[in-house]
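All figures in this text were calculated on a predicted structure; none of them were measured in a lab.
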Amino acid sequence: MLAEYRSKFVTPEEAARAVRSGDWVDYGFGAGFPELMDRALARRRDELRDVKIRGGLVIRPRIEVVECDPERSAFTYYSWHIGDYERKLQSRGLVQFLPVMLRSLPELYRNHIRADVAFVPVSAPDDRGYCGLGISNYAWRTIFENARTVVFEINERLPRLQGVAGSHRVHLSEADYIVEGEHEPLPVRSYKAASETDKKIAELVVAEIPDGAVLSLGVGGVPFTVANMIAQSDLKDIGCHTGTISDPFLALYQAGKLTNARKEMDAGLSAWNLAMGSQELYDWLDAEPELFHPGDLDYIHNPYRIAEMRNVISINGGVQLDLMGQENGESAGTRQLSGIGGQMDFLEGAFRSPGGKGFICINSSRMTRDGVRKSNILPAIPGGSTVSAPRTMVQYVATEYGVVKLSGRSLRERAQAMISIAHPDFREELEQYARENF
């Protein structure tokens with residue numbers, strides 16, 4: 001079977017010749033990354049001009065097309081979501097940020113933006129020529145169906161799962177070119193030990209979670225701590241429908257808590273779009289593919305589909321909130337720290353879910369490097385900072401001082417609720433602002 005596609009197999013250098021000056025090239029999202037094609041395209045720096053590369057949430061240590069061309073004479077890199085490595089690029093002026101709510105991204109590719117060449121990382125093919133999308137389903141099918149040229153990069157290290165009814169698979173016949181070669185170990189992401197504040201917030205949130213809840217966990221200390229606490233609790237039959245599956249879900253599975261048994265959709269299956277975490281996590285996906293429904297953004301991030309399940313609990317972190325409930329989840333002033341990703345998708349999905357709850361979890365304050373305490377709950381989001389989630393979208397807010405529900409409350413009532421969970425050092429000035437303005 002595979003012999004009939006042998007003519008599509010070329011070297012990365014040959015496949016990179018499909019890129020023309022002025023093209024938009026897609027690298028994908030998350031821990032899946034086309035490293036062979038990235039190196040091959042970088043070697044064409046002196047031949048090309050004005051090539052735009054789109055990616056996002058990169059946690060590997062290097063993007064060759066960026067590092068080889070700091071003057072951006074040939075390549076300009078754009079990110080849908082600033083990751084660890086991209087923050088370093090940002091400080092050097094080498095990344096352009098593209099704001100996006102992830103559920104809208106497939107529609108962007110269908111009707112609003114151009115995709116000329118797609119470098120798609122895939123797993124090793126089976127004997128029928130089918131490959132899995134590894135650890136990044138993303139919106140790959142939408143992207144490569146709208147691209148001029150499609151390059152599959154076979155990565156022998158990627159998990160081989162192909163999803164439910166082919167939800168996570170592609171076929172060799174769909175590529176114009178196929179490349180293969182030796183890859184570096186998959187990039188991993190670890191978690192810092194939980195702070196005492198993280199633990200307190202997690203305790204308060206876990207108290208709000210019922211048996212059979214379907215979890216969507218963002219990345220960060222509080223979601224990780226919530227999962228660890230659930231693993232040690234009496235809660236049972238936890239489900240997973242999340243943008244990114246990570247080690248917290250593996251911990252829940254190992255504790256016998258992650259059964260997905262009560263889900264009205266994908267019963268018995270953990271549903272996700274990206275995977276990001278340890279090698280142990282990736283090995284789990286590869287070894288037990290029957291436990292998962294990896295799906296594209298249209299499937300996983302659709303709030304109306306999320307709402308078909310009961311007791312969806314969405315847990316995300318934030319940077320700042322104001323007294324109206326507006327959230328900055330992604331920037332420090334005009335400096336982009338991350339992106340909104342799927343936070344709004346799951347906030348809305350949880351709101352629509354019968355019994356569902358969407359939480360923004362945040363430390364009430366922080367210490368600056370010079371030892372000054374600053375409040376993370378502010379009278380108003382500062383000028384220049386991002387309003388990631390509007391006040392109309394934020395349902396529950398949790399700090400170490402409590403959990404409050406904002407939906408259905410007036411501005412004055414919202415302000416009082418937010419003040420009640422602010423750090424005590426700042427409550428008086430917040431109360432004065434509320435009296436004067438609400």
Apply side-chain contact (heavy atoms from CB on, under 4.5 Å) to [X] and list each qualifying residue two or more places apart in sequence or on a separate chain.
| X | result |
| --- | --- |
| S278 | D247, E280, L281 |
| E64 | D38, R39, A42, R62 |
| D296 | N137, D298, Y299 |

For [Y] together with [X], are the ring centres under 6.0 Å from each other?
| X | Y | value |
| --- | --- | --- |
| Y27 | F33 | yes |
| W272 | H168 | yes |
| W24 | Y78 | yes |
| W284 | F292 | yes |

- Task: Indicate yes or no: does E107 engage R110 in a salt bridge with an N to O separation below 4.0 Å.
- Result: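 Salt bridge present between E107 and R110.
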
Neighbour count >12 (heavy atoms, 6.0 Å) for atom [atom1], [X]:
| X | atom1 | answer |
| --- | --- | --- |
| K200 | NZ | no |
| Y85 | OH | yes |
| Y396 | OH | yes |
| E290 | CD | yes |
| D234 | CG | no |
| R160 | CZ | no |

- Task: Kindly indicate whether the side chain of D237, heavy atoms from C-beta on, has any atom under 4.5 Å from the side chain of D211.
- Result: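 The answer is no, as the side chains (C-beta and beyond) never meet within the 4.5 Å cut-off.
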
- Message: Could you check whether any side-chain heavy atom of L133 comes within less than 4.5 Å of a side-chain heavy atom of P294, counting everything from C-beta outward?
- Response: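 Not touching, per the 4.5 Å side-chain cut-off.
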
- Message: Show, in sequence, the C-alpha distance, side-chain angles and deciding distance for R427 and E431, and conclude whether the salt bridge (charged side-chain N to carboxylate O under 4.0 Å, His left out) test is met.
- Response: CA-CA 6 Å; R427 290 180 187 176; E431 181 62 47; over 6 Å; no

- Query: Do the ring planes of Y138 and F29 sit parallel (below 30°), tilted (30 to 60°) or perpendicular (above 60°)?
  - Reply: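 Because their plane-to-plane angle is under 30°, the rings of Y138 and F29 count as parallel.
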
